[in-house]
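Below is one structure; the comments refer to it alone.
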Amino acid sequence: MTNTQHNAQPSRQIVYSTPGMPASDGDGVKMTRIIGTPHLDMLDPFLMLDCFESDQPQDYIGGFPDHPHRGFETVTYMLAGRMRHKDSMGNEGVIAAHGVQWMRAGKGIVHSEMPEQESGLLKGFQLWVNLPSKDKMCEPAYQEFVANDLALQMREDGGQVRVVAGHTNEGTVGPVTREDIKPIFMDVNLPAGGTFTQAIKAGDSAFIYAISGDVLVGDEQVLCTRQLGILGEGTSVTITACETKAQFLLVAATPINEPVARGGPFVMNTKEQVMQAFNDYRNNRF
Ligand code: FE
């Protein structure tokens, strides 16, 4: 293929895929860690992606008791069951199915996240999104929306797109915004054979996570259920449900391109800043 032809192909293809690996966090919550593993350390600005899914309450009922965060944002998106959250500033609420909490930890927040079962099933995601150095010590803030407040696009083929952030090619706009990295976060349901096309800005990091069903990405690559596929360069992506209906997340954002220093629940630019965070937490300065 010549360069000219290559440049004329704006459609993104999968350049890497991974199923993630089993992990345990909080008080023994079993999950699959998909970003933030030895195989996939990060996908700037995404620091971590966990998928929790179980119909066995003992896998998750210990939840995530009080713990701190500093320097980034946590995004919790539920598909089934509920997550009750409570923070050190007195905020409390419940994230239910198809609800989202996009929490900016900023200079520091201490919170608990406790699963509540619904017919035994708990299923959802937590994504960590980095903040640039200028915002790491900002005031904490929430963008939180229940299912009915998310934008829902009904498709002619019977599929639907829940838009948490970004806007679809058809103009449906999600309620969560972040000016610097302009995220896309969409939960897409397609019938067998249905095709979804989405513009993604050149240079932005992007991934698809296949929640159920296999999907064809671009012209020839199949992403199987429970796999994350990183999208390569291009200005759009086309995704087709294969033999069965399919559900997937499509997530994208502009990279921050700054040094990343991690220490458990703190993500800063330098090791010294991480040490400072541990000190501040120990000395009740959160
Ligand atoms: Fe947390």
Side-chain angles (χ1 to χ4, degrees), residues 20 22-37 41-42 45-54 59-97 99-117 122-131 135-146 164-165 176 178 183 185 209 249 251 253 260-268 273-274 276-282 284-286:
S24 174
D25 213 336
D27 188 4
V29 178
K30 287 184 188 162
M31 57 173 69
T32 303
R33 182 147 294 163
I34 308 159
I35 299 176
T37 71
D41 178 46
M42 65 178 284
F46 306 115
L47 301 160
M48 197 189 80
L49 176 67
D50 285 340
C51 175
F52 34 90
E53 176 180 14
S54 179
D59 286 349
Y60 59 76
I61 213 68
F64 305 87
D66 276 351
H67 60 278
H69 293 293
R70 174 181 281 180
F72 61 102
E73 300 183 321
T74 68
V75 178
T76 306
Y77 181 66
M78 299 299 292
L79 295 175
R82 294 184 297 266
M83 190 74 89
R84 177 173 297 276
H85 63 92
K86 208 185 267 192
D87 74 19
S88 48
M89 302 183 298
N91 300 305
E92 181 175 356
V94 173
I95 311 161
V100 70
Q101 180 195 65
W102 197 295
M103 184 189 84
R104 172 169 289 211
K107 68 182 183 184
I109 206 162
V110 179
H111 74 166
S112 62
E113 297 158 283
M114 303 303 284
E116 294 180 355
Q117 51 182 314
L122 183 82
K123 186 169 183 174
F125 295 93
Q126 187 162 96
L127 176 70
W128 287 12
V129 187
N130 208 0
L131 285 167
D135 293 330
K136 282 188 179 293
M137 295 300 282
C138 69
E139 291 298 320
Y142 288 97
Q143 298 188 72
E144 193 164 328
F145 299 94
V146 299
V164 172
V176 169
R178 193 173 140 184
F185 190 117
Y209 182 76
L249 294 183
V251 180
V260 172
R262 297 176 189 242
F266 310 124
V267 182
M268 306 300 288
Q273 292 167 336
V274 171
Q276 185 66 51
F278 277 107
N279 262 322
D280 289 349
Y281 180 54
R282 266 196 300 267
N284 287 319
R285 287 197 291 259
F286 265 49

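One-based numbering, in listed order, for ligands and for the atoms of each. All values below come from the heavy atoms of this structure, side chains included, with hydrogens, waters and symmetry mates left out. Note that the numbering runs from 1 along the sequence shown for the chain. Just so you know, these numbers come straight off a predicted model, no measurement behind them.
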For S88, which residues count as a side chain to side chain contact (heavy atoms under 4.5 Å, CB included) partner, sequence neighbours excluded?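 If we apply the side chain to side chain contact (heavy atoms under 4.5 Å, CB included) test to S88, skipping adjacent residues, the hits are I109, V110.
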
Output all residues satisfying side chain to side chain contact (heavy atoms under 4.5 Å, CB included) with E139, sequence neighbours left out; order by chain, then residue number.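 Only K107 meet the side chain to side chain contact (heavy atoms under 4.5 Å, CB included) criterion with E139.
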
Pick from M78, E113, R82: which one makes a side chain to side chain contact (heavy atoms under 4.5 Å, CB included) with I95?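 Of M78, E113, R82, side chain to side chain contact (heavy atoms under 4.5 Å, CB included) with I95 is met by M78 alone.
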
With 2.8 Å as the limit, jot down which protein N, O or S atoms are around the Fe ion (ligand 1).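 Hits for the Fe ion (ligand 1) below 2.8 Å: H67 NE2, H69 NE2, H111 NE2, E113 OE1.
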
Looking at K30 and D25, is any side-chain nitrogen of the basic one under 4.0 Å from a carboxylate oxygen of the acidic one?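 Looking at K30 together with D25, the answer is no, because their closest N to O distance does not fall below 4.0 Å.
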
Please identify each residue that fulfils salt bridge (Lys or Arg N to Asp or Glu O under 4.0 Å) with D135, with sequence neighbours left out.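 If we apply the salt bridge (Lys or Arg N to Asp or Glu O under 4.0 Å) test to D135, skipping adjacent residues, there are no hits.
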
Going by the angle between their ring planes, with limits at 30° and 60°, are F72 and W128 parallel, tilted or perpendicular?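 F72 vs W128 ring planes: tilted.
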
